[in-house]
Amino acid sequence: MDKESKDEKSLGGNLWKILPVDEKRAEYISQRYNLPYIISKIVAVRGIATEDIEKFLFPKLQNLMPDPHCLKDMKKAASRLAKAIIDKERIGIIGDYDVDGATSTSVMRLFLEQNGIQPLVHIPEREEGYGPSCQAFDEFKEKGCHFVITVDCGTTAFEVFDYAQSQGFEVIVIDHHEAEVKLPQVYALVNPKRLDEENDYEYLKYLAAVGVVFLTIVAVNRELREQGYYKDKAEPNLMNLLDLVSLGTVCDVVPLLGLNRAYVRQGLKVMSKRQNIGLKALIDKSGIQEAPGAFHLGYVLGPRINACGRVGEASLGNKLLCAKTSQEAEILAEKLNDFNNQRKEIEAYVLLKAIEILESTPQEYPIAFVSGKDWHQGVIGIVAGKLKERYNVPSFVMSIEADEVKGSARSIPGIDLGALVMSAKEKGILSKGGGHIMAAGFSLNEDKIEEFKRFAGEYVKEHLGDETITPVIEIDSQVDIAGINEDLAEKLELLEPYGSGNSEPKLLIPSVRISKASIVGNGHIRCYLGSLKGGSIKAMAFRVGDTELGKAMLTANGESYDVVGVLRRDTWQGRNSIQFIIEDAKRHK
């Protein structure tokens, strides 16, 4: 995060920073792996250790998957789960209402179903609150279930688990959220972020909950095999569940490094086979006409599954991903699509109100901090993300309910929201809270809002200072239009999947002329980029029609620009060409 400097800002209001590269190392990587020099430069810029380059470029589960027993309590959890399967016990699953929760629940449910167990599933509605509840355990008890697995939740649910223990439950927690020194009283707690973990595999801390669940079922499957359970029956093909693992991993915005890269790379291959009936229906309903990539998971499929937990019925995501018939799947996919449209309308209203508050009131701290009594709590996380993007500061959005205030926050590099929220919780400012470095959720009493604002504001001020913060676009490499072709676009795909911790490479194309610019769709601009040295390329800039960048593109009049963006292959409706996605521009000097 750079502070505002004398450097010239772009039309998008950003500073540009070309990332430094060790040219000798880039040359070595190019020769060693037979890569175009620009690709090897990007690998060098990303700081991938020499011994990890092959695993980064060609991630394979067999090379990156550790023995699941490396995690504390895993052997204990796997043995207990295997016993429950062999003894045909009633098993309950408590998940979360986001995509990671839905996929975690579904992976565990499908694995149990493949082993003859029909688990009971409880996905809380947002009104019930995040994580396990006494209500869920009461429902399970009424149905004769006393063995429960929580996924994507439970690490700090102390009081609820005390209640569950008093009611005779055995509980296994499979989670990835931040842990405290104290752990709840449960049978086993599998979480790579336990403070007593030995961290032999540092990248396990990056796993989404669904990734931890997959490790768990690998351990359970091995336990069942060793006990001879599969002697007279077919063993489940766990690899077929990786489509769901990849979906949850991308949508939970965890770093796509280490094992996560292998999960997503392999999961996308499984997804392209369209074996999961529910995912197939959702892909078709979303209008995706190509093999899905990480972008589709994060921006097309994920939001639809999230929508049912935000404005609809939280359990529908799990029901869709575990659908048994095409008819059931199509009905559920249609519902999710409708909920997503509702979510967009509600989100637009709350975002407008939040912007009005922020821009009509002097801001004391370098944060966006807003609350409203009529705001749907299902969209506050998305709104927090959009405020963060708009103002480039950590953002906190709260919905004031009758009994408590529920909030969601999104961060910028340099501020650990998980640590901020945990600290506020320890000081008694927040009643509940947890999350990751870049995202967190929390609850508090209405009379604590101003105290939390001061706490969060001072925390951010201490870590970032209160100078004007200018967003920086980090550029991986410079390339002339003459060097852009389908072969380069194809080679760039070696760096996929893109996401948190491995962003899509930003390329700078200097001194181009913008021609045939026109508005298409909802404020998008389509054009061509050409060079006096020869060569041209199709280009697109999304949602810039009313911005300085958009106005400059539409009135370029032969002026020369430097542009920054990403290069992609365009395979829409059977095309086989390339397109440059413009993210920013400067007038060339």
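Just so it is clear, the structure is predicted and the values come from calculations on it, not from any experiment. Hydrogens, waters and symmetry mates are skipped; everything else that's a heavy atom, side chains included, is used.
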Test of understanding: with side-chain contact (heavy atoms from CB on, under 4.5 Å), list the residues that count as partners of [X], not counting sequence neighbours.
| X | result |
| --- | --- |
| Pro192 | Leu71, Leu204, Val212 |
| Ser503 | Arg46 |
| Lys273 | Gln275 |
| Tyr37 | Glu23, Ala26, Glu27, Ser30, Ser40, Lys41 |

### Query
Just checking, Lys353 and Trp375: is the charged tip under 6.0 Å from the six-membered ring centre and within 45° of the axis?
no
Are any of the side-chain heavy atoms of [X] and [Y] separated by less than 4.5 Å?
| X | Y | value |
| --- | --- | --- |
| Pro119 | Met108 | no |
| Leu297 | Val99 | no |
| Arg274 | Asp284 | yes |
| His176 | Asp100 | yes |
| Asn115 | Pro236 | yes |

### Query
Does a side chain donor of either Asp584 or Ser10 reach within less than 3.5 Å of an acceptor in the other side chain?
yes
### Query
Do Asn337 and Arg304 get their side chains close enough for a donor-acceptor pair, meaning under 3.5 Å?
yes
Quick check on [X]: does its [atom1] atom have over 12 non-hydrogen neighbours (other residues, nucleotides or ligands) under 6.0 Å away?
| X | atom1 | answer |
| --- | --- | --- |
| Lys586 | NZ | yes |
| Asn34 | CG | no |
| Phe542 | CZ | yes |
| Asn522 | CG | no |
| Ile355 | CD1 | yes |

Would you say the side-chain atoms of [X] pair up with the backbone N or O of [Y], donor to acceptor, closer than 3.5 Å?
| X | Y | value |
| --- | --- | --- |
| Tyr33 | Ile53 | no |
| Asp476 | Leu507 | no |
| His524 | Ala541 | no |
| Asp175 | Asn191 | no |
| Arg265 | Phe58 | no |
| Asn63 | Pro59 | no |
| Asn260 | Tyr206 | yes |
| Ser395 | Lys388 | yes |
| Asp480 | Ala482 | no |

### Query
With sequence neighbours excluded, what pairs up with Lys285 under the side chain to side chain donor-acceptor pair (under 3.5 Å) test?
Glu334
### Task
For Arg526, enumerate each residue passing the side chain to side chain donor-acceptor pair (under 3.5 Å) test, keeping only those at least two apart in sequence or located in another chain.
none
Looking only at heavy atoms, what is the nearest atom pair of [X] and [Y], with distance?
| X | Y | answer |
| --- | --- | --- |
| Pro510 | Asp562 | CA-OD1, 3.3 Å |
| Gly535 | Ile481 | C-CG2, 3.6 Å |
| Gly441 | Val421 | O-CG1, 4.1 Å |
| Ser246 | Val264 | CB-CA, 3.7 Å |
| Val254 | Thr249 | CG2-O, 3.4 Å |

Quick one: pull up [atom1] in [X] and [atom2] in [Y] and give me the separation to the nearest 0.5 Å.
| X | Y | atom1 | atom2 | value |
| --- | --- | --- | --- | --- |
| Cys308 | Asp98 | SG | CG | 10.0 Å |
| His296 | Ile288 | NE2 | CD1 | 5.0 Å |
| Ile473 | Leu508 | CD1 | CG | 10.5 Å |
| Glu583 | Glu504 | CD | CD | 7.5 Å |
| Leu238 | Leu110 | CG | CG | 11.5 Å |
| Ile123 | Asp96 | CD1 | CG | 7.5 Å |

## Note on the structure
For His177, the ring pair (Phe, Tyr, Trp, His ring centres under 6.0 Å) test, sequence neighbours excluded, returns Tyr130, His436
### Message
Once ring pair (Phe, Tyr, Trp, His ring centres under 6.0 Å) is applied, what residue pairs with a partner in residues 255-287 remain, sequence neighbours excluded?
### Response
Phe214-Tyr263
### Task
Scan for ring pair (Phe, Tyr, Trp, His ring centres under 6.0 Å) pairs involving residues 319-347, sequence neighbours excluded, and state none if there are none.
none
### Message
Here's a test for you: under side-chain hydrogen bond (donor to acceptor under 3.5 Å, both in side chains), which of Glu290, Glu486, Glu493, Gln579 qualifies with Arg569?
### Response
Glu493
What side-chain donor-acceptor pairs closer than 3.5 Å can you find for residues 494-501, not counting sequence neighbours?
from, atom 1, to, atom 2, distance (Å)
Tyr498, OH, Leu492, O, 2.8

Name the atoms and distances for all side-chain donor-acceptor pairs under 3.5 Å in residues 311-327, with sequence neighbours left out.
from, atom 1, to, atom 2, distance (Å)
Asn318, OD1, Arg109, NH1, 3.0
Asn318, ND2, Ser106, OG, 3.0
Lys324, NZ, Glu113, OE1, 2.9
Lys324, NZ, Cys322, O, 2.7
Thr325, OG1, Glu328, N, 3.1

### Query
Under the salt bridge (Lys or Arg N to Asp or Glu O under 4.0 Å) rule, what pairs show up with a residue in residues 235-257, not counting sequence neighbours?
Arg225-Glu235
